[in-house]
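Predicted model, so just to flag it, every value in this text is computed and none were measured. Only heavy atoms go into these numbers, but all of them, side chains included; no hydrogens, no water, no symmetry mates.
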Amino acid sequence: MAIFTGAGVALVTPMNEDGTVNYGKMKEILEFQIANHTDAIIICGTTGEASTLSDEEHIECIRYTCEVVDKRIPVIAGTGSNCTASAVYLSQEAEKAGADGLLLVTPYYNKATQNGLKKHYIAVAESVKIPIILYNVPSRTGTTIAPQTLVELCTEVPNIVGVKDATGDISEVAQVMSLAEGKVDLYSGNDDQITAILSLGGKGVISVLSNILPQETHDIVASYLEGDVEKSRELQLKYFELAKALFLEVNPIPVKKAMNLMGMEVGSLRLPLTEMEEDNAAKLAQKMREAGITVK
């Protein structure tokens with residue numbers, strides 16, 4: 001059974017003015033997500049600036065999220081690393097903290113072979129009992145999980161259950177699903193491809209857009225899965241330009257800017273990420289207005 005079906009939010013990590021994690025604000029945005037029918041919380045992923053959190057902060061963000069959510073919806077913890085030992089440690093701590101599942105990005109910088117990827121993921125999977133979604137995002141990591149490797153991992157390792165696909169390559173996704181025989185839970189990692197991924201047998205999306213439009217992103221998936229493909233398509237196209245604008249600069253720079261423009265006050269970013277350039281911020285604000293979002 002899938003960890004979740006629908007739209008899971010790749011949650012930002014709100015910051016105080018001094019750059020520390022703002023847990024009070026985190027509670028607010030978690031409650032906002034749940035009230036607007038988000039189907040899962042993904043904490044400490046790319047959007048959550050996991051790469052600049054200390055291990056202590058990383059674990060506390062997961063623990064706090066699990067405490068606030070309190071099993072109302074699944075919590076999936078990002079615990080990937082380019083060091084297998086670090087990924088094992090974070091994964092074990094996330095399991096202890098109460099996470100319902102894990103999201104494991106491919107090891108970055110090292111550029112492991114397919115054999116190396118398999119051994120890495122198997123080592124992490126064998127260290128925990130909770131289910132795992134692999135995260136295939138070659139634009140960030142320099143490494144791609146080949147379709148055959150992905151299917152083998154989901155077939156041979158009991159608690160590796162699926163993939164968040166952010167390759168942007170629909171043909172490669174189709175190849176995965178043609179090999180999968182129903183053994184791979186597929187989630188879109190790109191908000192501009194949700195309906196397309198669902199058409200290939202996807203379970204939903206792990207979404208940046210959900211940070212600002214949780215109900216609407218949920219509805220894109222729910223409509224499709226309920227048989228209203230036309231409504232899903234209409235919503236996908238309605239928010240297509242906004243989804244693209246959220247990547248005018250590297251994620252999560254634009255989405256944090258968007259949330260602040262909405263008055264959500266999630267704070268700034270940790271270096272080396274910086275505030276959005278003024279021209280791009282103006283373009284983002286315009287696409288938000290066109291999507292019916294009130295901008296301050």
Indicate, with yes or no, if [Y] and [X] share a hydrophobic cluster defined by side-chain heavy-atom contacts under 4.5 Å among Ile, Leu, Val, Met, Phe, Trp and Tyr.
X    : Y    : answer
I133 : V157 : no
V255 : I194 : yes
I62  : L90  : no
Y187 : M177 : no
L11  : Y64  : yes

Task: Salt-bridge criterion met for E230 and R233 (N-O under 4.0 Å) - done: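 Yes.
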- [ ] Using a strict 4.0 Å threshold on nitrogen-to-oxygen distance, state whether E290 and K287 make a salt bridge.
- [x]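 Yes.
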Has [X] got a side-chain atom pairing as donor or acceptor with [Y]'s backbone, closer than 3.5 angstrom?
X    : Y    : result
D191 : S207 : no
T149 : I145 : no
Q114 : T144 : yes
H58  : T79  : no
N211 : A10  : yes
Y121 : T106 : yes
Q236 : T195 : yes

TODO: Starting at CD1 of I73, measure out to CD1 of I41 and round the result to the nearest 0.5 Å.
DONE: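 Answer rounded to 0.5 Å: 4.0 Å.
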Open item on the list: Distance check, rounded to the nearest 0.5 Å: L200 atom CG versus I170 atom CD1?
Closed with: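 With rounding to 0.5 Å, CG (L200) is 6.0 Å from CD1 (I170).
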TODO: For E31 and R72, run salt bridge (Lys or Arg N to Asp or Glu O under 4.0 Å): C-alpha distance rounded to whole Å, both residues' side-chain angles, the deciding distance at 0.1 Å, then the answer.
DONE: CA-CA 11 Å; E31 294 296 347; R72 287 178 286 175; 2.9 Å; yes
Is there a donor in the side chain of [X] and an acceptor in the side chain of [Y], or the other way round, less than 3.5 Å apart?
X    : Y    : answer
S223 : D219 : no
T167 : E172 : no
T38  : S210 : no

Open item on the list: For L198 versus V221, what's the shortest heavy-atom pair and its separation?
Closed with: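 Closest approach of L198 to V221: CD1-CA, 3.9 Å.
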- [ ] Write down the atom of F4, the atom of K203, and the distance for their closest heavy-atom approach.
- [x]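 Scanning both residues, the minimum pair turns out to be O-CB, 4.2 Å.
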Task: N115 vs T113, side-chain hydrogen bond (donor to acceptor under 3.5 Å, both in side chains): CA-CA, chis, key distance, verdict - done: CA-CA 5 Å; N115 186 49; T113 63; 5.1 Å; no
Open item on the list: Taking the six-membered ring of Y135 as reference, does the cationic atom of K164 (NZ for Lys, CZ for Arg) lie under 6.0 Å from its centre and within 45° of its axis?
Closed with: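 Yes, cation above the ring, under 6.0 Å and within 45°.
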Open item on the list: Counting C-beta onward and ignoring hydrogens, is there a side-chain heavy-atom pair between D39 and H218 closer than 4.5 Å?
Closed with: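 Yes; the side chains approach each other to less than 4.5 Å.
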- [ ] Could you check if a side-chain atom of L246 sits within less than 4.5 angstrom of a side-chain atom of L284, using non-hydrogen atoms only?
- [x]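 Touching, per the 4.5 Å side-chain cut-off.
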- [ ] I would like to know whether E234 and K238 meet salt bridge (Lys or Arg N to Asp or Glu O under 4.0 Å); could you show each step before the answer?
- [x] CA-CA 6 Å; E234 287 176 358; K238 179 178 180 179; over 6 Å; no
Open item on the list: As a test of understanding, state which of N251, I206, V250 forms a side chain to side chain contact (heavy atoms under 4.5 Å, CB included) with T46.
Closed with: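 Exactly one candidate clears the test, N251.
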Task: Full working for salt bridge (Lys or Arg N to Asp or Glu O under 4.0 Å) between E49 and K256 - done: CA-CA 11 Å; E49 298 178 76; K256 271 197 158 179; 2.6 Å; yes
